Amino acid sequence: CCTRPTSRSDVKKWHDVGRGCCLGYDKFKKKQHFWTPVPHGILQDAKSQSLTDCKSACEQKPNCQFIQYGWNDGTWCAELTAAMKCTKLVHTHDSCGDGGGDTGVHTYTWNRGLRTAFHDMGPGCCGDFDSQHVLFESDSMNISSCQHQCLDKEACRYVQFRNKHNNGHCLLLSETTSCLNLSTRKACKHMRSYILGPLTGFYCIQAAPQ
């Protein structure tokens, strides 16, 4: 009566549009000698921690559709609305602000329909996995950053997360992990599991014996 979910291969939250920046961003930057937020254009233009952090920040804004990241291998992050005309990218040395469009910057867009790409499987952790299934582990992440890490890893299928004060324990498992049953043993206390991707048919989650 239980069927395994479809592959996550058709789930891609972010898409790399290409090298360079949006034409609308370039025109705006050339008109302005200093940066100020524009509700229908540039929402943020500042340093971030990483590409993952830049994407996560965009997702938190209801009107953010594009990000630009990668100038000179740095962490500068530009968050843009759909109004910034990103159908055409520019990547010459005198485009894309002071950083230049030929120094590694790329433009990314995301599928808002995948906000619910992660399905809450319930309390507990996958009952049968070993170190070969672990793709990533951290004790200093929130649930959003943890799930973002999974989206950035092609083989990731499961997220296991335990709240821990301001941060939490994040564990990412590959799609080869057997996770039809969740364990509620002591090691899984306060742990919650999530699965990435569309669910088809009837998918059952049962608590495994402790």
Side-chain angles (χ1 to χ4, degrees), residues 2-16 44 48-62 64 67 69 75 77 79 108-210:
C2 299
T3 59
R4 191 174 180 81
T6 57
S7 171
R8 64 152 280 171
S9 60
D10 59 340
V11 178
K12 192 172 181 66
K13 196 169 192 179
W14 282 89
H15 172 66
D16 186 343
Q44 183 65 276
S48 64
Q49 296 298 315
S50 63
L51 176 58
T52 295
D53 182 60
C54 183
K55 290 176 179 178
S56 182
C58 178
E59 290 179 20
Q60 305 309 311
K61 296 179 175 64
C64 185
I67 63 166
Y69 186 92
T75 59
C77 169
E79 302 167 30
Y108 303 81
T109 186
W110 73 293
N111 181 357
R112 288 184 167 275
L114 288 177
R115 275 187 181 273
T116 56
F118 286 94
H119 300 266
D120 189 343
M121 299 170 69
C125 58
C126 295
D128 183 22
F129 74 90
D130 53 40
S131 59
Q132 69 178 359
H133 298 117
V134 177
L135 301 175
F136 177 83
E137 190 168 10
S138 172
D139 279 321
S140 58
M141 283 192 158
N142 57 37
I143 182 62
S144 177
S145 296
C146 182
Q147 291 178 341
H148 236 304
Q149 284 287 338
C150 183
L151 286 167
D152 287 342
K153 299 182 186 303
E154 289 297 327
C156 184
R157 183 65 163 160
Y158 301 98
V159 167
Q160 297 188 163
F161 188 81
R162 178 189 290 117
N163 279 319
K164 195 175 177 182
H165 304 298
N166 294 327
N167 292 310
H169 181 80
C170 169
L171 183 69
L172 306 184
L173 303 174
S174 72
E175 57 186 353
T176 59
T177 307
S178 176
C179 205
L180 285 176
N181 294 305
L182 292 183
S183 173
T184 56
R185 63 184 185 274
K186 186 176 181 180
C188 300
K189 189 176 181 180
H190 304 308
M191 186 78 81
R192 201 162 191 91
S193 295
Y194 303 83
I195 185 170
L196 170 61
L199 302 181
T200 60
F202 182 75
Y203 185 79
C204 65
I205 302 297
Q206 301 171 339
Q210 296 185 19

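The structure presented is a predicted model; accordingly, all values stated were derived computationally and were not measured. Numbering starts at 1 and runs along the sequence shown.
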Value for CD1 (Ile67) from CD (Glu59), rounded to nearest 0.5 Å, stands at 9.0 Å
Would a 4.5 Å heavy-atom cut-off, applied to side chains only, mark Phe136 and Leu171 as touching?
no
Closest non-hydrogen contact found for Arg192 with Gly122 is CG-O, 3.4 Å
Shortest non-hydrogen pair, Cys54 vs Ser48, comes out as CB-OG, 4.0 Å
Exercise. Please walk me through it: do Asn142 and Ser145 pass side-chain hydrogen bond (donor to acceptor under 3.5 Å, both in side chains)?
Worked result: CA-CA 6 Å; Asn142 57 37; Ser145 296; 3.1 Å; yes
| With under 30° as parallel and over 60° as perpendicular, where do the rings of Tyr108 and Trp14 fit, or are they tilted in between? | perpendicular
Here the gap from Cys156 atom SG to Gln149 atom CD, rounded to the nearest 0.5 Å, amounts to 9.0 Å
pair Leu173-Val134: side-chain heavy atoms closer than 4.5 Å:
yes
Query raised in the report: Does Met191 reach the side chain of His169, with side-chain heavy atoms less than 4.5 Å apart?
Result: yes
Heavy-atom closest pair (Asp120 atom, Ser193 atom, distance to 0.1 Å) is OD1-O, 3.6 Å
### Message
Any heavy-atom pair between the side chains of Cys126 and His133 that's under 4.5 Å?
### Response
no
I want to check something: taking the side chain as every heavy atom from C-beta on, are Phe118 and Cys150 in contact at a cut-off of under 4.5 Å? yes
CZ of Arg162 to SG of Cys170, rounded to nearest 0.5 Å, is 12.0 Å
Shortest non-hydrogen pair, Trp110 vs Cys64, comes out as NE1-O, 3.0 Å
ask   = Going by distance alone, is a donor N or O of one side chain under 3.5 Å from an acceptor N or O of the other, for Ser50 and Thr52?
value = no
d(Leu196 CG, Gln147 CD) to nearest 0.5 Å is 8.5 Å
Quiz item: Under 4.5 Å between any side-chain heavy atoms of Arg185 and Cys125, yes or no?
Solution: yes
In this structure, NZ of Lys61 is separated from CD of Glu79 (nearest 0.5 Å) by 3.5 Å
Interatomic distance, CD@Gln60 vs OG@Ser144, rounded to 0.5 Å, equals 5.0 Å
Taking CD in Gln49 as the centre, count heavy atoms belonging to other residues, nucleotides or ligands within less than 6.0 Å. Is the count above 12?
no
Tightest non-hydrogen contact, residues Phe161 and Ile143, listed as CZ-N, 3.5 Å
When you compare the side chain of Val159 with that of Leu172, does any pair of heavy atoms fall below 4.5 Å?
yes
